[in-house]
Number of protein chains: 2
Amino acid sequence: MTEATSADITGSGEETMAMRVVEALRDDIVTMAMKPGDVISESDIAGRYGVSRQPVREAFIRLAQQGLLLIRPKRATVVKKISPEGVRQSRFIRESIEVEIIRRLASQTRNDVPGVLAALIGEQEEASAAGDSRRFHILDELFHRTLARLAGVEYAWQLIDDHKMQLDRVRYLTLGVSSAQRAIAEHREIVDAVNRHDPAAAEAAMRAHLARAEVLLNQTIRDFPDYFE
Amino acid sequence: MTEATSADITGSGEETMAMRVVEALRDDIVTMAMKPGDVISESDIAGRYGVSRQPVREAFIRLAQQGLLLIRPKRATVVKKISPEGVRQSRFIRESIEVEIIRRLASQTRNDVPGVLAALIGEQEEASAAGDSRRFHILDELFHRTLARLAGVEYAWQLIDDHKMQLDRVRYLTLGVSSAQRAIAEHREIVDAVNRHDPAAAEAAMRAHLARAEVLLNQTIRDFPDYFE
DNA sequence: GTTCTGCATCTACCATACAAGATTGCGGAA
DNA sequence: TTCCGCAATCTTGTATGGTAGATGCAGAAC
C-alpha cells in the first residue's frame with residue numbers, strides 16, 4: 001500500500017515542492033522545533049529549503065488553515081500560539097467522537113476485536129518496558145485510531161486528526177512526563193468493558209482516560225506561559 | 001460587530017482577492033451552481049473574476065483542503081463528487097458532537113436557555129408559515145449553532161462547519177422536499193427534554209432528529225446518481 | 001528630555017512568464 | 001476501416017518582479 005501523505009490533496013500520490021514544505025514545517029511546528037510566537041517569512045523559508053517563495057506561500061496558506069500559522073498581511077507570518085480554549089474545545093470534539101465510537105464498539109459483536117486490541121496493548125507494554133516513549137506515543141495513537149477503524153469510522157478519525165495537532169503540541173511539551181503504565185492500565189480497562197459488551201462502562205473508562213489530559217494542559221500552561229495566548 | 005468571514009485566516013478583518021474568490025466559489029459549490037464533476041481551471045476562474053491565476057490558485061488549494069475541489073496536478077481541477085461514505089461519516093461526527101452538546105445542556109441549569117430556544121422556534125414557525133424555505137434553513141442552522149453556544153462550545157461548532165458543507169450540498173438538492181413542520185416538532189421535543197433536564201430523552205430526540213437525513217441521502221443518491229462517487 | 005515625522009526596509013499580495021506533464025485530435029500507415 | 005504516433009494545446013507547478021501597506025529607527029522640532 002502506497003502511503004499517501006496527509007499533505008496530499010491530489011488523490012494521486014504526487015509530490016510537489018509545496019507539499020514537501022508543508023510536511024517539513026508541520027513537523028517542525030508540532031515537535032516544537034519552531035516555537036509558538038516565532039516569526040517567519042516566505043523569503044526566509046524559501047531560502048532555507050532552496051525553493052522559490054511561491055510553494056512556500058502555498059504551504060503557509062495550508063498551515064494557516066490548519067491553525068498552525070497566523071498570516072498577518074503585509075506584516076509577518078508567525079507560528080500561532082496555542083489557544084487554551086481551542087485545546088479545550090478540541091478535547092471536547094475528540095471526547096464526543098471517541099465516546100460514540102466506544103459505545104458502538106461495545107454494543108456490536110465482532111469476534112476479531114478482542115484479539116486485535118489485546119495485541120496492541122501487548123506492544124504498548126513492550127515499548128513501555130523498553131522505555132521507548134516515542135514508540136509508545138505512536139502505539140497510543142494507533143490504539144485510538146484502531147478503535148475508530150473497528151467501529152467503521154476510520155475516515156472520521158482522519159478528519160479530527162487536523163484538530164488533534166493542537167493537542168499534539170501540548171503533548172510534545174510533556175513527553176517525559178507521561179506515565180505509560182497508567183495509560184496502559186486505562187487502555188486495558190476500556191478493552192475489558194468492550195469485551196464484556198458493556199457500553200456504559202466503556203464510556204466511563206474512555207472519559208476517565210481522556211480526562212487526564214486536562215491536568216496536563218494546566219500544568220503545561222504554567223510551565224510554558226509564553227507558548228500560550 | 002464586524003463580520004469576520006469564514007474564509008478569513010488572518011485574524012484581522014482584511015479582505016484579499018483570494019478570500020473573495022474562496023467565498024464566491026464555495027457558495028457556487030454548496031448551492032450546486034457548480035455541480036459535482038464540473039471541470040474548472042485556474043485561468044477560467046481567473047478570467048471570470050478579473051484577477052490573475054495566483055489568487056485563484058490559492059483559493060483552489062483552500063477549497064481542496066476542505067474537500068470541495070479535487071486538484072489533479074497537470075491535468076485539471078474538478079468539483080469533487082459527493083462521497084456517500086464521506087457524508088455518512090460527517091453525519092457520525094455531527095451526531096457525536098450534537099448528542100454530547102444536548103446532554104450537557106440538559107444536565108446543567110441556566111435560566112436563560114428556555115427563553116432563547118423558544119424564541120428561535122417561534123421564528124421557525126413564522127418562516128414555515130410564510131413558506132420561506134431559505135429562511136427556515138438559516139434558522140434551522142442557527143438553532144443547532146445556538147445549542148452549541150449555550151453549551152459553551154461554539155468554537156467546536158465552527159470546526160465541524162467545514163465538514164458540514166458536504167451535508168449541505170445534499171441538503172440543497174432536496175430543498176423543497178424538507179417538511180419544515182416535522183422538523184419544528186422535533187426541535188420542540190428536544191427543547192422540552194432540555195427544559196425538563198432529562199439528558200436521556202434529549203439525546204434520543206436529537207438522534208431521531210438527525211436520523212431523518214439518512215433516508216434523504218439515499219433518496220438523493222437515487223435522484224442524482226451523477227453527483228455521487 | 002520628549003514627541004513627532006519621514007524614510008529605509010521589511011512584509012505579504014498579486015501579476016506575469018516559463019516549465020513540464022497530460023490530453024486530445026489529426027494524419028498517416030497497415 | 002482501424003490503429004498507432006506525434007504535435008498542438010490544454011492543465012497545474014514554479015520562479016520572479018513589482019506594488020502597497022506596516023514597522024522601526026533616526027533625526028528634527030519643541
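Keep in mind that this is a model prediction, so the values were computed, not measured. A note on names: the letters A, B, ... follow the listed sequences, proteins ahead of strands, and every chain is numbered from 1. Excluded from the calculations below are hydrogen atoms, water molecules and symmetry mates; all remaining heavy atoms, backbone and side chain alike, are included.
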J.: Give each protein N/O atom lying under 3.5 Å from an N/O atom of nucleotides 11-16 of chain D, with the pair distance.
T.:
{"residue": "D/dT11", "atom": "OP1", "partner": "B/S41", "partner atom": "OG", "Å": "3.3"}
{"residue": "D/dT11", "atom": "O4'", "partner": "B/R75", "partner atom": "O", "Å": "3.3"}
{"residue": "D/dT11", "atom": "O2", "partner": "B/K74", "partner atom": "O", "Å": "3.4"}
{"residue": "D/dT12", "atom": "OP1", "partner": "B/T77", "partner atom": "OG1", "Å": "3.1"}
{"residue": "D/dT12", "atom": "OP2", "partner": "B/E42", "partner atom": "N", "Å": "3.1"}
{"residue": "D/dT12", "atom": "O4'", "partner": "B/K74", "partner atom": "N", "Å": "3.3"}
{"residue": "D/dG13", "atom": "OP2", "partner": "B/R57", "partner atom": "NH1", "Å": "2.3"}
{"residue": "D/dG13", "atom": "OP2", "partner": "B/R57", "partner atom": "NH2", "Å": "2.7"}
{"residue": "D/dG13", "atom": "O5'", "partner": "B/R57", "partner atom": "NH2", "Å": "3.3"}
{"residue": "D/dG13", "atom": "N7", "partner": "B/R53", "partner atom": "NH2", "Å": "3.1"}
{"residue": "D/dG13", "atom": "O6", "partner": "B/R53", "partner atom": "NH1", "Å": "2.9"}
{"residue": "D/dG13", "atom": "O6", "partner": "B/R53", "partner atom": "NH2", "Å": "3.4"}
{"residue": "D/dT14", "atom": "OP1", "partner": "A/M17", "partner atom": "N", "Å": "2.6"}
{"residue": "D/dA15", "atom": "OP2", "partner": "A/S52", "partner atom": "N", "Å": "2.7"}
{"residue": "D/dA15", "atom": "OP2", "partner": "A/S52", "partner atom": "OG", "Å": "2.6"}
{"residue": "D/dA15", "atom": "O5'", "partner": "A/S52", "partner atom": "OG", "Å": "3.4"}

J.: Using atom types as modelled, flag every donor-acceptor pair under 3.5 Å from a side chain in residues 147-159 of chain A to any protein atom, sequence neighbours excluded.
T.:
{"residue": "A/E154", "atom": "OE2", "partner": "A/R145", "partner atom": "NE", "Å": "3.4"}

J.: Quick one: side chain to side chain donor-acceptor pair (under 3.5 Å) partners of B/E100, sequence neighbours excluded?
T.: A/R207
J.: Quantify the bending of the helix from C/dG1-D/dC30 to C/dA30-D/dT1 as the angle between its end axes, each fitted on five pairs, to 10°.
T.: 10°
J.: Just jot down the ring pair (Phe, Tyr, Trp, His ring centres under 6.0 Å) partners of A/F143, sequence neighbours excluded, or say none.
T.: A/H187
J.: Suppose we screen for salt bridge (charged side-chain N to carboxylate O under 4.0 Å, His left out). Which residues come up paired with B/D226, at least two apart in sequence or across chains?
T.: none
J.: Could you pull out all residues at least two apart from A/E229 that satisfy salt bridge (charged side-chain N to carboxylate O under 4.0 Å, His left out)?
T.: none
J.: Under the rule for ring pair (Phe, Tyr, Trp, His ring centres under 6.0 Å), what residues qualify as partners of B/F224, not counting sequence neighbours?
T.: B/Y227
J.: Return the set of residues passing side chain to side chain donor-acceptor pair (under 3.5 Å) with A/K164 (not counting sequence neighbours), or none when no residue passes.
T.: A/E141, A/D168
